Colleague: 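Below you will find the structure I want to go over with you.
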2 protein chains.
Amino acid sequence: MKTSTNQGLTTTDRTVTTYTTVPLPPCKVCSGTSTGFHFGVITCEACKAFFRRALLQKQNYKCAKDDNCAITDTRLGNCSACRLKKCFALGMSKGGVRRGRYSIALRTKAIIEARSLEGREIIVSMSSSSYSYESHKAVQQKTKKEPMDISDSDSNSLLESEDSKSPTGYMPEEEVELKNLIDTLVSCQDIMYPHIRKYFENKESVQKYHEQIHERYKIKQEMFGTENNISTEEFQQIFAETGLDPDDRLTMFDQKGRSMEHYIQQVINFAKVIPGFKSINSRDVAKLLKASHYEFWMFGYFQAIDSKLQVCGGEDLVDSHISDMSKFFSEDFIKEGMKFADSLKQLQLSIEETALIRAILLTFTDRCTLDEPEKIGNLQLKYISCLIYHLQTHSDQPGKRLAAIFDRLYVARSLSHRNIEVNQEFLHSWGFLIHEYPLWKEMLAYSGNE
Amino acid sequence: MKTSTNQGLTTTDRTVTTYTTVPLPPCKVCSGTSTGFHFGVITCEACKAFFRRALLQKQNYKCAKDDNCAITDTRLGNCSACRLKKCFALGMSKGGVRRGRYSIALRTKAIIEARSLEGREIIVSMSSSSYSYESHKAVQQKTKKEPMDISDSDSNSLLESEDSKSPTGYMPEEEVELKNLIDTLVSCQDIMYPHIRKYFENKESVQKYHEQIHERYKIKQEMFGTENNISTEEFQQIFAETGLDPDDRLTMFDQKGRSMEHYIQQVINFAKVIPGFKSINSRDVAKLLKASHYEFWMFGYFQAIDSKLQVCGGEDLVDSHISDMSKFFSEDFIKEGMKFADSLKQLQLSIEETALIRAILLTFTDRCTLDEPEKIGNLQLKYISCLIYHLQTHSDQPGKRLAAIFDRLYVARSLSHRNIEVNQEFLHSWGFLIHEYPLWKEMLAYSGNE
DNA sequence: GAATGAGGTCACAAGGTCAG
DNA sequence: CTGACCTTGTGACCTCATTC
Ligand SMILES: [Zn+2]
Ligand SMILES: [Zn+2]
Ligand SMILES: [Zn+2]
Ligand SMILES: [Zn+2]
């Protein structure tokens, strides 16, 4: 009969993103149109064939130039030696490659991780400890064996999407499981950060609160003028010589310090409590918490930021205007953060989404060297599955929304990197006061790996 | 045996196999039998080797005559100097040549473009802006960065056909995408030109309509005789002297003018709405619309023409007999158009094919100088993919049909060139009345390149 | 049944060869 | 020198095992 479906023209149209999943980034080797993971890396059909051929018949390619030719779209001539070199540098290899269908969650996770690796070929190739490939290389389930594993047993099969609809009351076990996990995460968040829910449920009062902060700032401004612009150096000199606190900077520091100590304590408690984290060794937990600090805060408190009024505050935060914050941190960076918070607001995240996202961003395995990367990777997979399930049942465009969320996650990571630098500067200037706030200090001192 | 396995095309038997694409035109240099693209141009083996050799050992050929010898498909007697010159004039060059296999759509596009260049060597070589080689030379998209591109993605307009999935329910994503694009194009056409569909669905009533027009013409003819043959000059003289409209010419002009204004407005709206066009800058859009005007109309309204009765008309057109039209345009040209319309009718184009063809002919990048030729080229590739897909699923001889369609497109382009000249004459004679119809005026004023 | 990636096939265009 | 034919790297498309 008709059959005859799939054929021709597949590749030409892959350029356009598919709606149901996170979009595939371009070929890591040549920037052409990618068609999935090949030998462990997202590449185009051409680079895939090239690499396969290279493995097959060990051609001794020689670069005619300096071994650093750019590999662009290879439809035009390219240096084969450098192309192959780049393939290896990106981690392409024959072994441990995944086969068969991906669950949506796994696929999403793999792509996100690949994206977060952008422009890091060399590092990876040098360090040779490529955790980051875990997810699409030999993700394999050893699971089975282990008796322990995560709150919710094994069953890493996960939703399957597809049916998922349950208007009739009945609900498959897996769905129940995911639903429970979501509820639990939200509850944990509610318990540890009871105020966060208010940002979702009382947006008007939050708005008023922000206006008040702004009001107070204006009054202060009128009383004392705008000449608060004492530089960090000037301030420290005055303080050293006179012991005075000319612009309440120290008071603010202490406020912030106390607030952060409490906040961080709750982060730790959150991690202790949420499903799956209990079984992770504490060294890894500590690393994960430190590495995701900025993002974890941002996705919890983006609604506490008002980029128009340039204020930030809430019942569980230190209220402050950007002019206060910039006494400690780079104003540019603060503004970037505010802009980012704005973009999150536009997404209109729900509290469930927020809790799930925060769980996901806690469990990126490629932020640092971990003792149990697979375990944590599987955990993240679970959270991603929950998010996908939640979107499928609560959004009319789940694929698009998922992509949008992961796009934000991606951007947040780059901000997070900036934050580490900013924190270094902060510590340099204010480290002499930090000893009273050990948790904060530890958080600030995190500089990348360990 | 049977086993329906799929090839590039339908699989009646396995005999078909061959990728019946558009036939390859003869060698651009010597008119011999071509063997594909060589150094960017469709040539024969001989010319390919000749050009390669010429690049290798830079012989200084000298023409014994006047540097304009004809190059023929003979083994001996070709002037090497002129042959090489012609090679260069046609755009042959070593750089940026495609490697590897072609996708069906790309190959089709490349050949079509090559054909449309016939007899234009010199122009191309002078302008040195050889857009037309884009498709087989470094077509590729740098895309990557752009949030980009084309079609579906948001589908912010129009029905978008949500379901659209055919009887059997499931369908691979890529196919769904192509199908959606086709549906969307058809819908756009339906919305902007609601009457076009009637030409497809009520051929009998169209036929009757045409007969009525002819009837009226005959009646008028009997009443007033056939001596309406006042020439343009005579008419204008009478009009200038008396202000009279002896043969209703001015009334017809106004009718036509109003009709065209509306039609062109719908062309613009069509372009605003169809997937992919939204992201093209308006300067390019304007150029494309103007350059394809004639063809776009023809492929939309060929069924409104009856070459036997020599009439043209429909609900959204100005009904007229050839004797009316020839008051404004060259009768020869009108007859050519009618003949062409007839050939289109014989093809029995479906409404989907029509919509796709119209999208394709809007996006030829070699009609004029464009700001974003690659983008538009990629867009056209998309439309061509859709057409190929549609033919594969709806025609029993997709390859043949594709070739036939592109053959018509090719002929249409030459008519389009004639049309530009005809329009110049028209403007010359009737420009003094055109100011009330600014869109029409702009369309008519188009003379090739901006 | 649907999706995915390894491996395979062969269309395609350079570049080379060698009788004419 | 010419051009039919061959060799080679390439990449679009297909098949199939695997996994969900
Ligand atoms: Zn590539
Ligand atoms: Zn090189
Ligand atoms: Zn030739
Ligand atoms: Zn000559």
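Chain identifiers are assigned alphabetically (A, B, ...) following the order of the sequence lines, protein sequences preceding nucleic acid strands; residue numbering begins at 1 within each chain. On a predicted model such as this, the values are computed, not experimentally measured, just so you know.
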Colleague: Could you tell me the separation between the CZ atom of B:F51 and the P atom of C:dA14, rounded to a whole number of Å?
Modeller: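 Between P of C:dA14 and CZ of B:F51: 10 Å.
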
Colleague: May I ask you to test the B:L84-B:F50 pair for a side-chain heavy-atom distance under 4.5 Å?
Modeller: yes

Colleague: When you get a sec, tell me which of C:dA13, C:dG20, D:dG11 is the closest nucleotide to the side chain of A:R83?
Modeller: D:dG11

Colleague: From C-beta outward on B:K48, which listed nucleotide comes closest to its side chain: C:dA14, C:dC12, D:dT2?
Modeller: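 From the listed options, C:dA14 comes nearest.
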
Colleague: If you check every side-chain atom of A:E45, which of C:dG15, C:dA6, C:dG7 has the closest atom?
Modeller: C:dG7

Colleague: So, does the side chain of B:R101 form a donor-acceptor pair with the base of D:dA12 at under 3.5 Å?
Modeller: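 In this structure, the two groups form a donor-acceptor pair.
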
Colleague: Does the side chain of A:F39 come within less than 4.5 Å of A:L90's, by heavy atoms?
Modeller: no

Colleague: Considering only C:dA6, C:dA13, D:dT10, which nucleotide approaches the side chain of B:Y102 most closely?
Modeller: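 Of all the options, the side chain of B:Y102 is nearest to C:dA13.
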
Colleague: Could you tell me how far apart B:L106 (CG) and D:dA12 (C1') are, to the nearest whole angstrom?
Modeller: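 Distance check: B:L106 CG to D:dA12 C1' gives 10 Å.
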
Colleague: Measure from the side chain of A:H38, starting at C-beta and using heavy atoms only, and say which of D:dG11, D:dA12, C:dG5 lies closest.
Modeller: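 That would be C:dG5.
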
Colleague: Can you say whether a donor on the side chain of B:K94 sits under 3.5 Å from an acceptor on the base of C:dG15, or the other way round?
Modeller: no

Colleague: Quickly work out the A:R52 CZ to C:dC10 P distance and round it to whole Å.
Modeller: 14 Å

Colleague: State which of C:dA14, D:dG3, D:dG9 makes the closest approach to the side chain of A:S80.
Modeller: D:dG9

Colleague: Would you say the side chain of A:R53 and the base of D:dG9 hold a donor-acceptor pair, judged only by whether the two atoms sit under 3.5 Å apart?
Modeller: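 Result: no qualifying N/O pair found.
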
Colleague: Taking atom C1' of C:dA13 as reference, at what distance in whole Å does atom CD1 of B:I111 sit?
Modeller: 14 Å

Colleague: For B:T74, which contact category applies under a 4.0 Å heavy-atom criterion: base, sugar-phosphate, or nothing?
Modeller: sugar-phosphate

